[in-house]
There are 2 protein chains.
Amino acid sequence: METFGDIIKTERESKGLLLRQVASALEIDQAIISKFERGERKPTKEQVEKFAEFYDLDKNKLITSWLSDQIANTILYEENIGEVLKVAEEKALYLKTIHNGK
Amino acid sequence: METFGDIIKTERESKGLLLRQVASALEIDQAIISKFERGERKPTKEQVEKFAEFYDLDKNKLITSWLSDQIANTILYEENIGEVLKVAEEKALYLKTIHNGK
DNA sequence: ATTTGTTTTGACAAAAATAGTCAAATTAAT
DNA sequence: ATTAATTTGACTATTTTTGTCAAAACAAAT
């Protein structure tokens, strides 16, 4: 159950980097990166991509982690989590076919 | 594949109500309701609940519809929709047990 | 085809949520 | 204890979302 924050923190530590170093490389304030690592703030998609490139991670995998964090948070306190997600998937796939069809 | 907008529009029409009437009953500007019905804007949770009460609909069902609309929109243009949602569900359920355990 | 009634659109303002900056406080390591 | 790293929090800036309103578009009917 790895969150986006877990991933980038593990990655940074395994490479022996300091927040300051990552911050200067990515041009993101180190306080913010600290918050990302602990899940206190959510990065933008552009930031997620920067992290993927910098740590040489699979971009889709990292985006999946980031997006699923967000979705998990929005439904956390709801009743029918499974149902909501099932319907959401149907809608997303449906909308996708519509778009492609146009 | 009924969106929140579809539901409240169908409901309004089946009851033969005008936007103006619903607007005054719920104290929501009629232009906004028009936009909700066509999916141009997303209501807040409080507004969703107002609609459920006013049209006498199952609150959870309506919230499911509303939430799934939102989630569908956020993942629409992503690659691995199924994967994202699967991971999101795992995370949500996991976070839920954590919270309950505390 | 003009009047009357309804819905939709769009420009704008207000409010809320999110993001960034920075220094001080805290924590960890030596 | 000193030095170094991380975390916190107050503050500002920016972006996103929401609400308001009137005019435009549309529909129905006479």
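In what follows, chains are A, B, ... by sequence order, proteins preceding strands, each numbered from 1.
Backbone-only contact: A:Arg20 has heavy atoms under 4.0 Å from sugar-phosphate atoms and none from a base.
Counting only N and O atoms by type, the side chains of A:Ser24 and A:Arg20 include no donor and acceptor under 3.5 Å apart.
The CD-P distance, from A:Glu27 to C:dT21, rounds to 10 Å in whole Å. Rounded to an integer number of Å, the gap from CD1 of B:Ile28 to C1' of C:dT7 is 17 Å.
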For nucleotides 25-30 of chain D, give me every protein contact, N/O to N/O, under 3.5 Å, one pair per line with atom names.
none

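Put simply, the side chain of B:Tyr55 reaches to within 4.5 Å of the side chain of B:Ile8, judged on heavy atoms. The closest side-chain heavy-atom distance from A:Lys96 to B:Ile81 is below 4.5 Å. Side-chain contact between B:Thr74 and A:Gln70: absent, with no pair of heavy atoms (C-beta onward) separated by less than 4.5 Å. Residues B:Gln30 and B:Gln21 are not in side-chain contact: their nearest non-hydrogen atoms beyond the backbone lie 4.5 Å or more apart.
Under a hydrophobic-cluster definition in which Ile, Leu, Val, Met, Phe, Trp and Tyr are linked whenever side-chain heavy atoms come within less than 4.5 Å, directly or via other members, B:Trp66 and B:Ile7 are assigned to the same cluster.
For C:dT7, the OP1/OP2 oxygens have no side-chain nitrogen or oxygen of B:Arg38 closer than 4.0 Å. Look at B:Ser34 and you'll find a side-chain N or O under 4.0 angstrom from OP1 or OP2 of C:dT8.
In this structure, the separation between OG1 on A:Thr64 and NZ on B:Lys86 is 10.0 Å, given to the nearest 0.5 Å.
Looking at B:Lys35, its side chain has no donor and acceptor atom pair within 3.5 Å of the base of D:dG19.
In summary, of the residues considered (B:Glu53, B:Glu46, B:Glu49), a salt bridge (Lys or Arg N to Asp or Glu O under 4.0 Å) with B:Lys59 occurs for B:Glu53 alone.
Projected onto DNA chain D by closest heavy-atom contact, B:Gln30 and B:Lys42 fall at different nucleotides, the more 5' of which corresponds to B:Lys42. If you find the closest nucleotide of DNA chain C to B:Glu37 and to A:Asp29, the one lying nearer the 5' end belongs to B:Glu37.
The stretch residues 4-19 of chain B does not touch DNA chain D, since none of its heavy atoms comes less than 4.0 Å from the strand. Applying a 4.0 Å cut-off to non-hydrogen atoms, none of the residues of residues 44-56 of chain A approaches DNA chain D.
Side-chain atoms of B:Asp6 come within 3.5 Å of backbone N or O of B:Thr3 as a donor-acceptor pair. A:Lys50 contributes no side-chain N or O that, together with a main-chain N or O of A:Ala25, makes up a donor-acceptor pair within less than 3.5 Å.
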